Engineer: 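Below is the structure I would like to discuss, written out as structure tokens.
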Amino acid sequence: MSKNAKKTAIRITRAEDFPAWYQEVIKEADMAENSGVRGCMVIKPWGYGIWERLQRRLDQRIRETGHENCYFPIFIPLELIEKEATHVEGFAKEMAVVTHHRLVEKDGKLEPAGKLESPLVIRPTSEAMIGESFARWIRSYRDLPVKINQWANVVRWEMRPRMFLRTSEFLWQEGHTAHATEAEARIETETMLEVYRQLAEEWLSIPVIPGEKSESERFPGAVETHTIEAIMQDGKALQAGTSHFLGQNFAKAANIKYQAKDGSEEFVYTTSWGVSTRMIGALIMTHGDDDGLRVPPTVAPHQIVILPIARDEETAGVVNPAAAELAKRLNAENVFGEAVRAHVDSRDINTGEKRWGWIKKGVPLIVELGPKDLEKGSVMVTRRTDIYAKAPEDTDVFVGAAPEHLEAIQRKLFDDAASLRDARLETGISDFAAFKEYFDTEDASKLGFVRAKWCGDASSEEQLKKLSVTIRCLPYDQDGKEGVCVITGKPATVDAIFAKAY
RNA sequence: CGGAGCGUAGCGCAGUCUGGUAGCGCACUACACUGGGGGUGUAGGGGUCGCAGGUUCAAAUCCUGUCGCUCCGACCA
């Protein structure tokens with residue numbers, strides 16, 4: 001057994017075993033747990049609280065960009081799904097199907113009784129369902145555009161589930177729009193990807209690379225798929241959000257037509273875009289350290305946790321009201337456009353245990369308040385970004401500066417992640433031998449993204465498959481220079497981002 | 001769907017080869033001492049050993065079947 005210089009709160013460090021560390025953080029931060037059903041998880045209050053804050057922000061941005069929320073059913077008639085061929089092909093293998101209804105008791109056990117005449121699919125996504133509605137809602141160019149969103153759960157019967165990253169059931173938001181013109185639909189696609197980029201970078205402090213997917217990585221049935229790709233601490237990529245330009249594919253499949261000004265009948269152009277609970281996985285793998293999670297203050301269920309220190313009833317009588325008063329003062333402050341969220345942890349357990357519990361959960365600021373502090377008019381402050389630098393601060397100064405402290409932590413998380421991204425971005429590889437060598441490593445500390453020229457040949461992607469490397473995206477910031485394809489050596493001008501992925 | 005493994009207390013496991021009345025650690029409860037880096041002691045509570053059948057005087061242990069989960073691949077937000 002190796003002896004660490006410092007004891008870490010998470011027993012398995014990132015360097016030792018990243019996937020095991022990831023599972024451990026989820027467990028120790030009390031975010032979620034596996035349920036009895038394969039691939040399904042129970043999202044516990046701390047994990048769900050983070051999701052709710054992310055959700056609130058994203059929902060606000062979706063409304064600001066002119067969309068309305070609504071809700072469609074979880075069951076999709078099989079016939080509806082069958083309409084878009086590529087779409088079916090892409091999702092068929094992972095669809096959960098309901099074939100029976102009602103249960104009867106037989107030999108002391110419950111058995112399905114009535115078989116459904118027509119099976120129902122549990123939505124893996126709602127393009128088919130919503131397309132059917134769009135076809136009925138849209139008659140004239142005056143009905144366009146239609147811009148809706150729904151917050152829902154979807155089911156994809158994945159081969160290999162992983163908490164938050166790939167669960168059989170997951171929560172997400174799916175936006176669906178229909179437009180009269182291709183140009184408008186393309187703008188919509190870009191707009192929403194930009195909303196996602198901002199959500200990731202500005203709200204979650206997760207730096208991403210926005211770009212377009214190559215053909216083989218495209219959403220089934222889409223004309224173009226756009227993505228934000230994030231770099232995890234083990235050098236692997238994670239698709240954190242997608243926006244699809246669907247062209248007229250779904251319009252033709254679902255017969256979504258409108259009458260134009262000139263009286264002609266036209267198919268609409270549609271888009272769809274989504275962000276899921278996978279984002280929580282991205283958050284963990286971007287910001288977590290060997291002491292647990294580090295939650296960006298914007299989405300932390302508690303931004304500040306106050307620990308009253310009292311060894312007997314008498315001091316408790318003084319300290320507890322003071323802690324409550326401090327929380328009240330902090331909650332009156334504003335940060336990120338909302339009230340500060342401070343919480344007093346008055347559970348009857350040791351302070352040390354409480355402290356480490358909140359460190360593992362990633363609370364940005366921990367404030368200890370004891371009799372000595374009260375005498376001096378100060379508080380003992382720990383920042384999650386530097387847990388070994390605990391120091392006293394004047395209470396009044398701390399309260400007034402709390403928003404700035406939180407903003408600083410938010411920035412620090414982004415800066416840390418951005419420097420990791422830069423360190424993991426390899427731009428100096430131009431031939432396939434060097435490329436293979438780069439990815440042929442078990443050492444997670446050396447893995448990362450390669451940015452290089454790509455000729456666009458579908459066959460070249462076959463070469464990548466052997467290395468379990470994929471093209472993550474063709475980034476928007478193309479340099480346009482002539483070069484050679486890193487795989488085939490053919491002339492190429494397009495820049496691509498290559499990486500191993502989750 | 002291929003390969004591997006595991007189902008014994010809330011969690012993590014030992015016990016299974018070589019059948020003999022179920023054990024450890026953590027967690028939990030009570031009390032005492034503690035209390036600003038996750039503390040110490042004492043005393044407790046908790047299990048039809050995944051499920052079904054078989055062999056046996058006797059099954060967590062042997063046999064057959066079955067269900068479930070985890071990990072590694074192909075697939076994916």
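Note that the structure is a prediction, hence the values are computed from the model and not measured. Letters A, B, ... are given to chains in the order of the sequence lines, protein chains preceding strands, and every chain is numbered from 1.
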Engineer: Could you give the CZ-to-C1' distance, from A/Arg162 to B/rC76, as a whole number of Å?
Structural biologist: 13 Å
Engineer: Which base, if any, makes a Watson-Crick or G-U wobble pair with B/rG41, both distances under 3.5 Å?
Structural biologist: B/rC31
Engineer: Can you tell me, in whole Å, how much space there is between the P of B/rC6 and that of B/rG15?
Structural biologist: 11 Å
Engineer: Please confirm whether the shortest side-chain N or O distance from A/Lys213 to OP1 or OP2 of B/rA77 is below 4.0 Å.
Structural biologist: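 Answer is no, no contact under 4.0 Å.
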Engineer: I'd like the C1' distance from B/rG47 over to B/rG5, given in whole Å.
Structural biologist: 24 Å
Engineer: Round to a whole Å and report the spacing from CD1 of A/Ile12 to C1' of B/rG12.
Structural biologist: 12 Å
Engineer: Paired with B/rG36: which nucleotide, if any, by Watson-Crick or G-U wobble criteria at under 3.5 Å for both distances?
Structural biologist: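 Per the H-bond distance test, none.
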Engineer: Looking only at atom P, what distance separates B/rC33 and B/rC26, rounded to whole Å?
Structural biologist: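 Straight-line distance between the two P atoms is 23 Å.
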Engineer: Between A/Trp172 (CH2) and B/rC76 (C1'), how many Å, whole number?
Structural biologist: 12 Å
Engineer: Can you check each nucleotide of nucleotides 33-38 of chain B against protein heavy atoms at under 4.0 Å and return B for base, S for sugar-phosphate only, - for none, in 5' to 3' order?
Structural biologist: --BBBB
Engineer: If pairing requires Watson-Crick or G-U wobble contacts with both distances under 3.5 Å, which nucleotide is the partner of B/rC71?
Structural biologist: B/rG3
Engineer: One pair to check against side chain to side chain contact (heavy atoms under 4.5 Å, CB included): A/Glu169 and A/Met41. What are the steps and the verdict?
Structural biologist: CA-CA 8 Å; A/Glu169 178 193 12; A/Met41 63 176 178; over 6 Å; no
Engineer: Rounding to a whole Å, what distance do you find between A/Lys27:NZ and B/rU70:C1'?
Structural biologist: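 Value for this atom pair: 14 Å.
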Engineer: Between B/rG46 and B/rG10, how far apart are the two P atoms, rounded to whole Å?
Structural biologist: 12 Å
Engineer: Quick check, are the ring centers of A/Phe219 and A/His87 under 6.0 angstrom apart?
Structural biologist: yes
Engineer: Show the numbers, then the answer: is there a side chain to side chain contact (heavy atoms under 4.5 Å, CB included) between A/Phe435 and A/Phe498?
Structural biologist: CA-CA 10 Å; A/Phe435 184 91; A/Phe498 303 86; 3.7 Å; yes
Engineer: Provide, to the nearest angstrom, the distance between the CZ atom belonging to A/Arg166 and the P atom belonging to B/rU70.
Structural biologist: 13 Å
Engineer: Taking the C1' atom of each, how far is B/rC1 from B/rC76, in whole Å?
Structural biologist: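 To the nearest whole Å, 15 Å.
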Engineer: Distance only, no hydrogens: is a donor on one side chain within 3.5 Å (strictly under) of an acceptor on the other, for A/Arg63 and A/Thr65?
Structural biologist: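 No.
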Engineer: Would you compute the distance between atom CD1 of A/Ile366 and atom CH2 of A/Trp358 and round it to the nearest 0.5 angstrom?
Structural biologist: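 The CD1 atom of A/Ile366 sits 9.0 Å away from the CH2 atom of A/Trp358.
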Engineer: Please name the nucleotide paired to B/rA9 by Watson-Crick or G-U wobble geometry with both distances under 3.5 Å, or report none.
Structural biologist: none
Engineer: A/Thr225 near the nucleic acid: base, sugar-phosphate alone, or nothing, with a heavy-atom cut-off under 4.0 Å?
Structural biologist: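 Contact class for A/Thr225: none.
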Engineer: Salt-bridge test for A/Asp289 and A/Arg384: reply yes if a basic N is under 4.0 Å from a carboxylate O, no otherwise.
Structural biologist: yes
Engineer: Start at the 5' end of RNA chain B and walk down; is the nucleotide closest to A/Arg278 or to A/Asn34 reached first?
Structural biologist: A/Asn34
Engineer: Quick one: does A/Arg156 reach the base of B/rC76 with a side-chain donor-acceptor pair under 3.5 Å?
Structural biologist: no
Engineer: Would A/Arg424 count as a cation-pi partner of A/Phe449, with NZ or CZ less than 6.0 Å from the six-membered ring centre and within 45° of the ring normal?
Structural biologist: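 So A/Arg424 doesn't make the cation-pi contact.
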Engineer: If you assign A/Pro161 and A/Phe164 each to the RNA chain B nucleotide with the nearest heavy atom, which residue ends up on the more 5' nucleotide?
Structural biologist: A/Pro161
Engineer: I'd like the C1' distance from B/rA4 over to B/rG41, given in whole Å.
Structural biologist: 45 Å
Engineer: For B/rA60 and B/rC17, measure between their P atoms and round to the nearest Å.
Structural biologist: 12 Å
Engineer: Rounded to whole angstrom units, what separation is found between the CD atom of A/Glu169 and the P atom of B/rA77?
Structural biologist: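 Those two atoms, CD and P, are 17 Å apart.
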Engineer: By the 4.0 Å heavy-atom rule, please label A/Ile359 as base, sugar-phosphate, or nothing.
Structural biologist: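 Contact class for A/Ile359: none.
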Engineer: Return the minimal non-hydrogen interatomic distance between A/Ala32 and A/Met163, and the atom names on each side.
Structural biologist: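 Closest approach of A/Ala32 to A/Met163, heavy atoms only: O-CE, 4.1 Å.
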Engineer: Could you tell me how far B/rU55 sits from B/rU64 if I compare only their P atoms? Round to whole Å.
Structural biologist: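 Straight-line distance between the two P atoms is 15 Å.
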Engineer: Please give the nucleotide sitting opposite B/rG46 as a Watson-Crick or G-U wobble pair, both distances under 3.5 Å, or none.
Structural biologist: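 Per the H-bond distance test, none.
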Engineer: Expressed as a whole number of angstroms, how long is the span from A/Tyr502:OH to B/rC76:C1'?
Structural biologist: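 These atoms are roughly 15 Å apart.
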Engineer: Decide side chain to side chain contact (heavy atoms under 4.5 Å, CB included) for A/Cys473 and A/Ile209; before the verdict, give the C-alpha distance in whole Å, the side-chain angles of both, and the deciding distance to 0.1 Å.
Structural biologist: CA-CA 8 Å; A/Cys473 70; A/Ile209 302 174; 4.0 Å; yes
Engineer: Measure the distance from NE2 on A/His226 to P on B/rA77 and round it to the nearest whole Å.
Structural biologist: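 That distance rounds to 15 Å.
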